[in-house]
*Asks:* 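I'd like to ask you about the structure that follows.
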Amino acid sequence: MTPETLAEKVLSATRAAFEALGLDAAVLPARTAVERPRDPKHGDYASNIALQTAKKAGTNPRALAEKIAELLAGQGGVAKVDIAGPGFLNITVDAAAAGGIAGTIVAAGASYGTNNSMEGVYANLEFVSANPTGPIHAGGTRWAAMGDSLARVMRASGAKLIAEYYVNDAGTQVDHFAASLLARAKGEPTPENGYVGAYIDEIAADVLKRRPDALDAADPLEVFRTVGLELMLDDIKGTLADFGTHFDVFFSERSLHERGELDKAVERLGELGHVYEADGAVWLRTTDFGDDKDRVLKNSRGGWTYFAADCAYYLDKRERGFEKLVFMLGADHHGYVGRMQAISQAFGDEPGTMEILIGQFVNLLRDGEPVRLSKRAGNIITLNDVVEAVGVDAARYALTRYSADSAIDLDIELWTRHGNENPVYYVQYAHARTSAVLRNAADRGVAKGESYDASLLAHPRESDLLKALAEFPSVVASAAELREPHRVARYAEELAAAYHRFQHDCRVLPVGDEAPTDLNRARLWVVDATRVVLANALGLLGVSAPERM
RNA sequence: GCCUCCGUAGCUCAGCUGGAUAGAGCACCGGACUUCUAAUCCGACGGUCGCAGGUUCGAAUCCUGCCGGGGGCGCCA
């Protein structure tokens with residue numbers, strides 16, 4: 001029995017109790033959940049539904065709880081229902097019902113944890129979107145890890161999702177980039193506002209390698225711009241791929257300009273009555289939608305602003321059919337939220353169509369001191385630096401383990417340690433241990449068989465572990481709905497802890513050459529189920545699940 | 001000045017979107033290895049949840065105001 005099915009039983013028992021007591025069932029929620037109480041004296045699961053509904057129904061919570069308990073106690077799988085405090089229902093599940101989850105998990109395999117909480121949602125998730133004028137740095141690294149994990153979690157929850165990277169390949173930053181490459185190739189000093197770093201030298205050389213005639217071309221700057229951008233973007237794509245971050249679409253800002261999408265978007269906004277001219281510039285009246293001030297679409301020199309491209313990009317996404325546009329931005333962009341939301345509303349979309357997630361910064365520390373130097377990019381820390389320092393698994397785990405709301409200090413020393421204090425190793429080791437037990441079982445010819453006797457799984461460590469396993473789908477669902485992939489990492493740590501405790505106290509394989517018992521076999525199912533869930537959880541985080549360590 | 005994030009054990013952070021005696025890891029102290037991989041486990045210590053009000057049966061969680069820290073506020077991209 002899963003917590004979800006138990007919650008349904010609680011709800012239907014409550015409905016029946018309302019009827020029996022002659023109460024108005026309209027105050028009942030459509031869904032309810034059971035929670036795992038910390039104190040084992042409070043049973044396996046607890047529900048506060050009587051507390052939540054009694055007042056609205058005009059009755060006493062304790063009396064209502066008693067009626068619900070009476071009706072719930074007769075349900076299959078429910079061993080005991082106690083009432084505690086002001087009206088909590090403390091539910092004890094019978095071992096056989098609880099133990100059934102292991103079989104469910106093993107049968108589901110890689111699909112265990114998937115759920116339908118976001119079924120039918122067609123979403124676009126934009127993240128990283130670092131300028132193609134240099135390598136991805138530390139901030140972008142966090143979004144590369146979190147965004148990718150969020151994409152996986154939302155897909156696992158049934159959303160149809162496109163992961164997208166907006167390539168800012170138009171505008172003055174790109175001009176500076178091209179000019180820097182050209183100057184480098186000609187051996188001239190870096191121009192004002194130009195880019196420096198070893199990567200500029202490399203790309204300048206690579207442009208010449210690919211186009212030996214570049215300096216003699218009709219427009220050398222254009223050659224360096226086009227080829228340089230391509231090389232830089234290839235480099236970024238390679239870095240992301242090595243990091244395990246997948247994008248479905250790399251969307252070119254320049255293509256919006258070339259296809260006339262900016263004119264089209266501004267025209268549309270004009271038709272909707274939100275555009276005006278003042279001081280020789282063209283403006284969008286974003287203040288109608290809560291922004292601090294109106295924003296310029298086209299400046300007085302007749303040039304498009306970046307904001308105008310944002311409008312066009314927004315319209316393009318909507319025309320591609322996305323009903324949910326999610327953005328992950330760094331805290332340095334939070335000032336853009338107001339104008340971005342205004343774009344959505346100016347086009348007449350429902351609030352909530354556009355969702356902007358703001359994440360705080362990450363500092364890389366070594367021995368408690370901020371790390372500054374990068375071989376590639378002046379004194380900026382890059383994604384490659386982070387990976388070089390701690391490896392992909394530790395980097396991804398470290399960056400997805402914390403709420404995006406909190407700024408994090410990533411301590412290189414901690415994340416390269418092999419032990420309990422390093423969460424990624426703690427979780428991976430639990431997975432390796434499950435694999436080891438299964439390997440040993442196979443070596444000794446102990447098969448878990450077609451089925452098992454779930455009622456044998458009554459050890460406290462077993463029931464704790466089974467409850468943790470049963471929780472996984474709802475963890476994935478809430479991580480997706482709340483856009484908080486760190487919940488998966490925290491859950492994985494709890495599950496790993498429950499498994500380590502289980503393995504410490506519960507012997508799985510027969511000792512010596514004793515014959516395997518039914519308990520041995522039943523426990524193998526639990527071990528296998530744990531292996532599956534740990535692997536699935538790590539998979540959602542983009543972290544490997546090693547079979548040996 | 002305005003916007004935004006944070007403030008929970010000595011340190012790093014969770015806290016399941018209002019529930020029971022607020023949790024984990026680290027650090028410190030004390031235990032468990034002829035092991036299914038001890039990269040593990042168990043125990044002890046440790047808190048006015050920044051402060052003050054408010055909402056209610058009930059607040060770390062929601063609202064308001066302060067205090068402290070991070071980030072941001074361009075006809076830049």
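Chain naming here is simple, since letters A, B, ... match the order of the sequence lines and numbering starts at 1 in each.
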*Asks:* Return the 5'-most residue of the pair Asp505(A), Phe307(A) with respect to RNA chain B, ranking by each residue's nearest nucleotide.
*Replies:*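 Taking each residue's closest nucleotide, the earlier one in sequence belongs to Asp505(A).
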*Asks:* Test the Arg461(A)-Tyr499(A) pair against the cation-pi criterion, namely NZ or CZ under 6.0 angstrom from the six-membered ring centroid and within 45° of the ring axis.
*Replies:*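 Geometry flag: not set, cation outside 6.0 Å or 45°.
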*Asks:* For Phe88(A) and A20(B), are the ring centres under 5.5 Å apart with planes inclined under 30°?
*Replies:*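 Answer is yes, a stack.
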*Asks:* Whole angstrom is fine here: how far is it from CZ in Arg36(A) over to P in G15(B)?
*Replies:* 16 Å
*Asks:* Taking the same atom, P, in U12(B) and in G53(B), what whole-Å distance lies between them?
*Replies:* 28 Å
*Asks:* When the P atoms of C66(B) and C2(B) are compared, how many Å lie between them, rounded to an integer?
*Replies:*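 Each nucleotide's P atom is 8 Å from the other's.
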*Asks:* For the pair Arg501(A) and Asp464(A), find out whether any cationic side-chain nitrogen is under 4.0 Å from an anionic carboxylate oxygen.
*Replies:* no
*Asks:* Fit a plane to each ring of Phe472(A) and Tyr491(A), take the angle between them on a 0 to 90° scale, and name the class: parallel (under 30°), tilted (30 to 60°) or perpendicular (over 60°).
*Replies:* parallel
*Asks:* Determine: side-chain N/O of Ser406(A) to OP1/OP2 of A14(B), distance under 4.0 Å, yes or no.
*Replies:*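 For A14(B), OP1 or OP2 has a side-chain N or O of Ser406(A) closer than 4.0 Å.
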*Asks:* With a 4.0 Å limit, can you tell me whether Lys293(A) has a side-chain N or O closer than that to the phosphate oxygens OP1/OP2 of G74(B)?
*Replies:* no
*Asks:* Taking only the C1' atom of each, what is the distance from A24(B) to C42(B) in whole angstrom?
*Replies:*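 These two C1' atoms come out 16 Å apart once rounded.
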*Asks:* Gln503(A) side chain: which of C75(B), A20(B), C36(B) is closest?
*Replies:*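 Comparing C75(B), A20(B), C36(B) against the side chain of Gln503(A), the answer is C36(B).
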*Asks:* Ignoring hydrogens and angles, does a donor from either the side chain of Gln360(A) or the base of G70(B) sit under 3.5 Å from an acceptor on the other?
*Replies:*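 In this structure, the two groups form a donor-acceptor pair.
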*Asks:* Ignoring hydrogens and angles, are the base of A77(B) and the side chain of Asn193(A) linked by a donor-acceptor pair under 3.5 Å?
*Replies:* no
*Asks:* Considering only atom P, compute the distance from G25(B) to A14(B) and round it to an integer number of Å.
*Replies:*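 Their P atoms lie roughly 16 Å apart.
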*Asks:* It should be established whether Arg490(A) places a side-chain nitrogen or oxygen under 4.0 Å from OP1 or OP2 of nucleotide A24(B).
*Replies:* no
*Asks:* Could you measure between the two C1' atoms, the one in U21(B) and the one in C49(B), and give it in whole Å?
*Replies:*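 Rounded to whole Å, the distance is 15 Å.
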*Asks:* Can you tell me whether the side chain of Asp332(A) and the base of G71(B) have a donor-acceptor pair closer than 3.5 Å?
*Replies:*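 Between G71(B) and Asp332(A), which were checked side chain against base, a qualifying N/O pair under 3.5 Å is absent.
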*Asks:* For a quick check, tell me whether the side chain of Tyr402(A) and the base of C6(B) share a donor-acceptor pair closer than 3.5 Å.
*Replies:* no
*Asks:* Could you work out the separation of G7(B) and C62(B) based on their P atoms and round it to a whole Å?
*Replies:* 11 Å
*Asks:* Taking the six-membered ring for Trp and the single ring otherwise, decide whether the centroids of Phe289(A) and His274(A) are under 6.0 Å apart.
*Replies:* yes
*Asks:* Check every strand shown and say whether Ala436(A) touches a base, only sugar-phosphate, or nothing at a heavy-atom separation below 4.0 Å.
*Replies:*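 Result for Ala436(A) = base.
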*Asks:* Side chain of His334(A): nearest nucleotide among C41(B), C36(B), G72(B)?
*Replies:*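 Nearest nucleotide to the side chain: G72(B).
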*Asks:* Can you confirm whether Arg531(A) sits close enough to His431(A) that some side-chain heavy atom of one is under 4.5 Å from a side-chain heavy atom of the other?
*Replies:* yes
*Asks:* In Å, rounded to the nearest 0.5 Å, how long is the span from NE2 of His334(A) to CD of Gln360(A)?
*Replies:*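 Here the rounded value is 9.5 Å.
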*Asks:* Taking U55(B) as the reference, what is the distance to C13(B) when you measure between their P atoms (whole Å, please)?
*Replies:* 35 Å
*Asks:* Which whole number of Å gives the distance between the C1' atom of G10(B) and that of G18(B)?
*Replies:* 31 Å
*Asks:* Want to settle it: does Phe361(A) or His42(A) sit nearer the 5' end of RNA chain B, counting the closest nucleotide to each?
*Replies:* His42(A)
*Asks:* Determine whether any donor atom in the side chain of Ser300(A) lies under 3.5 Å from an acceptor atom in the base of C75(B), or the reverse, and answer yes or no.
*Replies:* yes
*Asks:* Check the angle between the aromatic planes of Trp283(A) and Tyr276(A) and answer parallel, tilted or perpendicular using the 30° and 60° thresholds.
*Replies:* parallel
*Asks:* Between C36(B), A77(B), G19(B), which nucleotide has the shortest distance from any of its atoms to the side chain of Val508(A)?
*Replies:* C36(B)
*Asks:* Just need the stems in RNA chain B: three or more back-to-back Watson-Crick or G-U pairs, each with both distances under 3.5 angstrom, sorted by first number.
*Replies:*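 Stem list for RNA chain B: B:1-7 with B:67-73, B:10-13 with B:23-26, B:29-32 with B:40-43, B:50-54 with B:62-66.
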*Asks:* Report yes or no: is there a donor-acceptor pair, N or O only, under 3.5 Å between the side chain of Tyr336(A) and the base of A77(B)?
*Replies:*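 Side chain to base: pair found, below 3.5 Å.
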*Asks:* In plain terms, say whether Lys467(A) and Glu471(A) are close enough for a salt bridge, that is, a side-chain N and a carboxylate O under 4.0 Å apart.
*Replies:*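 No, this pair does not count.
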